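Here's the structure we're looking at; comments come further down.
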Amino acid sequence: QVQVVESGGGLMQAGGSLRLSCAASGRTSSTYVMGWFRQAPGKEREFVAGISASGGMSHFADSVKGRFTISRDNARNTVYLQMNRLKPEDTAVYYCAASRGLMEYSFYGAYSAIASYDSWGQGTQVTVSS
């Protein structure tokens, strides 16, 4: 089973940028769909973005579309979440997740479902001040 570890969180002012990294272990990690989720205090965990194994397909939550991008470097077994024009409402713990079952062209509904993912990281805190 793939293990994932997030890094790159921190404190940023509104309007700034942060890049999160997710390092995946395991020989087959490059074949997994990868996703980013977040959970704010008192709220449920929600989908942020997902990327297919090849990197050719990605999905974003409406709340981050146009501000966040997702990419992956399969040679380094790493997935990135570039967060631009950060807002206070982006404050949350961000989790990286890996899915064996999702396909390249799975629909948004599948990418965004927590149950689609098999492995989760411990999370990294992102705090955006106003």
Side-chain angles (χ1 to χ4, degrees):
Q1 189 172 359
V2 170
Q3 293 184 323
V4 296
V5 178
E6 308 93 338
S7 62
L11 174 64
M12 179 58 64
Q13 286 189 328
S17 299
L18 277 175
R19 188 177 79 160
L20 304 183
S21 298
C22 172
S25 65
R27 288 182 299 173
T28 61
S29 60
S30 62
T31 66
Y32 283 53
V33 166
M34 302 296 290
W36 285 98
F37 289 74
R38 67 187 182 186
Q39 188 165 17
K43 295 188 177 181
E44 294 185 351
R45 191 170 299 190
E46 64 176 6
F47 174 75
V48 176
I51 189 166
S52 65
S54 72
M57 178 68 69
S58 59
H59 294 282
F60 296 90
D62 286 344
S63 59
V64 306
K65 202 171 290 183
R67 299 188 298 122
F68 291 11
T69 60
I70 188 170
S71 61
R72 66 190 297 161
D73 182 344
N74 284 340
R76 297 177 183 269
N77 291 331
T78 303
V79 177
Y80 304 99
L81 183 69
Q82 178 67 43
M83 306 185 294
N84 299 324
R85 291 185 282 137
L86 283 162
K87 303 176 181 181
E89 51 263 45
D90 294 320
T91 295
V93 176
Y94 283 70
Y95 296 91
C96 179
S99 171
R100 288 181 301 175
L102 286 173
M103 306 298 287
E104 180 85 6
Y105 294 103
S106 294
F107 292 109
Y108 174 88
Y111 268 72
S112 63
I114 290 174
S116 294
Y117 296 83
D118 314 289
S119 303
W120 293 82
Q122 294 299 307
T124 186
Q125 177 70 46
V126 172
T127 303
V128 184
S129 62
S130 57

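Remember, it's a predicted structure, so these values are computed and weren't measured experimentally. Computed over heavy atoms, backbone and side chain alike; hydrogens, waters and symmetry mates excluded.
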Return the OG1 to CD distance between Thr127 and Gln13, rounded to the nearest 0.5 Å. 13.0 Å
Distance, nearest 0.5 Å, that separates CG of Leu20 from CE of Met83: 3.5 Å
I'd like to know if Asp90 pairs up with Lys87 as an ion pair, taking the criterion as any Lys NZ or Arg NE/NH1/NH2 lying under 4.0 Å from an Asp or Glu carboxylate oxygen. no
Could you report the tightest heavy-atom contact between [X] and [Y], atom names first, then the distance?
X: Ser130; Y: Ala14; value: CA-CB, 4.3 Å
X: Gln125; Y: Ala92; value: NE2-O, 3.5 Å
X: Leu86; Y: Met12; value: CD1-CG, 3.8 Å
X: Phe60; Y: Lys65; value: O-CE, 3.6 Å

Could you tell me whether the side chain of [Y] reaches within less than 4.5 Å of the side chain of [X], counting heavy atoms only?
X: Arg38; Y: Glu46; result: yes
X: Val4; Y: Trp120; result: no
X: Phe107; Y: His59; result: no
X: Trp36; Y: Ile70; result: yes

Any donor-acceptor N or O pair under 3.5 Å, side chains Glu104, Ser52: yes
Can you see whether Asn84 engages Ser17 through a side-chain donor-acceptor pair at a distance of less than 3.5 angstrom? yes
Shared hydrophobic cluster for [X] and [Y] (ILVMFWY, side-chain gaps under 4.5 Å):
X: Val93; Y: Val64; answer: no
X: Val79; Y: Tyr94; answer: yes
X: Tyr95; Y: Phe47; answer: yes
X: Tyr117; Y: Val5; answer: no
X: Val126; Y: Leu81; answer: yes

Neighbour count above 12 (heavy atom, 6.0 Å) for Tyr108 OH: yes
Gln3, CD atom: more than 12 neighbouring heavy atoms under 6.0 Å: no
Over-ring placement of Arg72 relative to Tyr80, 6.0 Å and 45° cut-offs: no
For [Y], does its backbone N or O pair with a side-chain atom of [X] as donor and acceptor, under 3.5 Å?
X: Glu6; Y: Gln122; result: yes
X: Thr91; Y: Val128; result: yes
X: Arg85; Y: Gly66; result: yes
X: Ser119; Y: Val2; result: yes
X: Thr78; Y: Arg76; result: yes
X: Ser116; Y: Ala110; result: yes

Test side chain to side chain contact (heavy atoms under 4.5 Å, CB included) applied to Ser99 and Tyr32, step by step: CA-CA 5 Å; Ser99 171; Tyr32 283 53; 5.6 Å; no
Does anything in residues 55-130 pair up under disulfide (SG to SG under 2.5 Å), and if so which pairs, sequence neighbours excluded? Cys22-Cys96
Let me see the working for Gln82 and Leu18 under side chain to side chain contact (heavy atoms under 4.5 Å, CB included), right down to the final yes or no. CA-CA 6 Å; Gln82 178 67 43; Leu18 277 175; over 6 Å; no
